[in-house]
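One-based numbering along the sequence shown. Please read all numbers here as calculations on a predicted model, not as lab measurements.
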Amino acid sequence: MTAIDRWATFDCYGTLVDWNAGIGAELGRLFGDGERERLLRRYQEIEPRVQRDHPQARYRTVMAMVLADLAAQEGFRVPDEERDALGLSLPRWPVFEEVPAALVEAHERGWRLVALTNSDRDLIDASLAAIGVPFDGAVVASEIGSYKPDHGHWEAFYATTHADRSRHVHVAQSHFHDVVPANELAIPSVWINRLGETGDPRPTRELPDLHGLADVLDELVPAH
């Protein structure tokens, strides 16, 4: 690693892999497709609280806890054999169509790619294999005892890579989990705003998906 390295860190689920489709499909299967969108919104409200309250928990445990909490609130019962349904399904969650080509382009321009993920090692390894583009590593919540939006992922990233902070950009879909802490840490961010949301603080740049990402990264940190 040299001073000229340029680093792009990425959230995975929601940014590179379709988290909503993955979680939503399982909720629809378990509770009925008619409930899918409403329960997905409830799931999104519950999960950050569980992560905050249980920072040492594996992500598949977090998902099981959220699923059980959601079911209890809705008066549903999750059969014993379905308690880990979300964790078991995660390796099959779909990669967004434009992601592999966009990451290949960034990689070919010299960007080093690292995932910062609120998940487990086996889960992120499966997802990165599905993406099929070389990553220089992954910082995993269940290994550092910290879930984003806490700053532990970025602290671990700098500690393990010794990356030059002036040559680092963070790329993510979640404003709450990623754009806000990146702003707090003065890290340039590219918000992949797939859902057309609004949020404060503003990211450094904003894209609707990963098309054109390499150009934006090069604009923020030129090669030379």
Side-chain angles (χ1 to χ4, degrees), residues 7 9-20 22-24 26-27 30 39-74 76-93 113-131 135-163 168 170-185 187 189:
W7 297 86
T9 53
F10 291 83
D11 172 60
C12 182
Y13 301 105
T15 305
L16 309 179
V17 170
D18 195 338
W19 187 94
N20 281 351
I23 295 282
E26 287 301 293
L27 294 178
L30 292 169
L39 293 181
L40 181 60
R41 290 192 295 272
R42 289 291 298 122
Y43 185 101
Q44 293 167 336
E45 294 168 359
I46 297 169
E47 187 181 84
R49 171 179 57 78
V50 174
Q51 291 174 333
R52 182 182 66 248
D53 292 346
H54 302 276
Q56 303 293 331
R58 297 180 66 205
Y59 184 56
R60 69 189 315 138
T61 302
V62 167
M63 289 191 289
M65 294 170 69
V66 177
L67 182 61
D69 192 347
L70 178 60
Q73 291 182 22
E74 296 292 329
F76 297 142
R77 180 183 175 276
V78 179
D80 290 348
E81 65 273 16
E82 296 282 15
R83 289 180 179 176
D84 191 32
L86 299 178
L88 290 172
S89 74
L90 190 149
R92 303 190 301 274
W93 293 0
L113 315 179
V114 176
L116 308 186
T117 178
N118 276 357
S119 71
D120 303 332
R121 178 63 60 179
D122 62 322
L123 300 179
I124 189 64
D125 284 351
S127 295
L128 293 182
I131 293 168
F135 272 66
D136 281 281
V139 179
V140 179
S142 59
E143 294 178 352
I144 64 172
S146 176
Y147 281 93
K148 296 179 290 182
D150 287 350
H151 295 174
H153 281 77
W154 290 274
E155 294 168 356
F157 164 71
Y158 289 124
T160 55
T161 65
H162 307 290
H168 169 215
H170 187 60
V171 182
Q173 180 273 328
S174 176
H175 189 274
F176 169 77
H177 290 96
D178 291 89
V179 174
V180 170
N183 180 268
E184 292 168 350
L185 293 165
I187 299 168
S189 62

Which residues satisfy the ring pair (Phe, Tyr, Trp, His ring centres under 6.0 Å) test with H168, sequence neighbours excluded?
F157, Y158

Heavy atoms only: give me the nearest P149-F176 pair and the separation to one decimal.
CB-O, 3.4 Å

Could you measure the distance from the CG atom of L67 to the CZ atom of R83? Nearest 0.5 Å is fine.
10.5 Å

Heavy-atom pair of closest approach, residues D178 and A172:
CB-CB, 3.2 Å

So which heavy atom on A85 is nearest to which on L30, and how close?
CB-CD1, 4.2 Å

Side chain K148, main chain D11, donor-acceptor under 3.5 Å:
no

Are the side chain of Y147 and the backbone of A57 linked by a donor-acceptor contact shorter than 3.5 Å?
yes

Less than 4.5 Å apart, any side-chain heavy atom of C12 and any of I124?
yes

Could you work out, with ring pair (Phe, Tyr, Trp, His ring centres under 6.0 Å) as the rule, every residue matching Y43, not counting sequence neighbours?
W19

Working to the nearest 0.5 Å, report the span between CG of L113 and CZ of F10.
5.5 Å

Can a donor-acceptor pair be found, under 3.5 Å and without considering hydrogens, that links the side chain of T15 to the backbone of Q173?
yes

Of the options L39, L90, L86, which is the one that meets I23 in a side-chain contact (heavy atoms from CB on, under 4.5 Å)?
L86

Residues two or more places apart in sequence or in another chain: which of them pass side chain to side chain contact (heavy atoms under 4.5 Å, CB included) with D122?
R58, R60, D120

Can you name the salt bridge (Lys or Arg N to Asp or Glu O under 4.0 Å) partners of D136, sequence neighbours left out?
R112

Can you find a pair of side-chain heavy atoms, one from D150 and one from R52, that are under 4.5 Å apart?
no

In terms of heavy-atom contacts, H153 and V140 come closest through NE2-C, 4.2 Å

At their closest point, which heavy atom of G24 faces which heavy atom of L40, and how far apart are they?
N-CD1, 4.1 Å

Quick check: closest heavy atoms across E47 and V66, and the distance to 0.1 Å?
CA-CG2, 3.7 Å

Does N183 have any side chain to side chain donor-acceptor pair (under 3.5 Å) partners at least two apart in sequence or in another chain, and if so, which?
none

Separation of S127 OG from R92 CZ (nearest 0.5 Å)
11.5 Å

Would you check if N118 and Y13 make a side-chain contact, meaning some heavy-atom pair closer than 4.5 Å?
no

By side chain to side chain contact (heavy atoms under 4.5 Å, CB included) - contacts of Q73 (at least two apart)
R42, I46, D69

Is it true that a side-chain atom of R121 and a backbone atom of S142 form a donor plus acceptor pair closer than 3.5 Å?
no

Taking H175 for its side chain and V180 for its backbone only, find out whether a donor-acceptor pair lies under 3.5 Å.
no

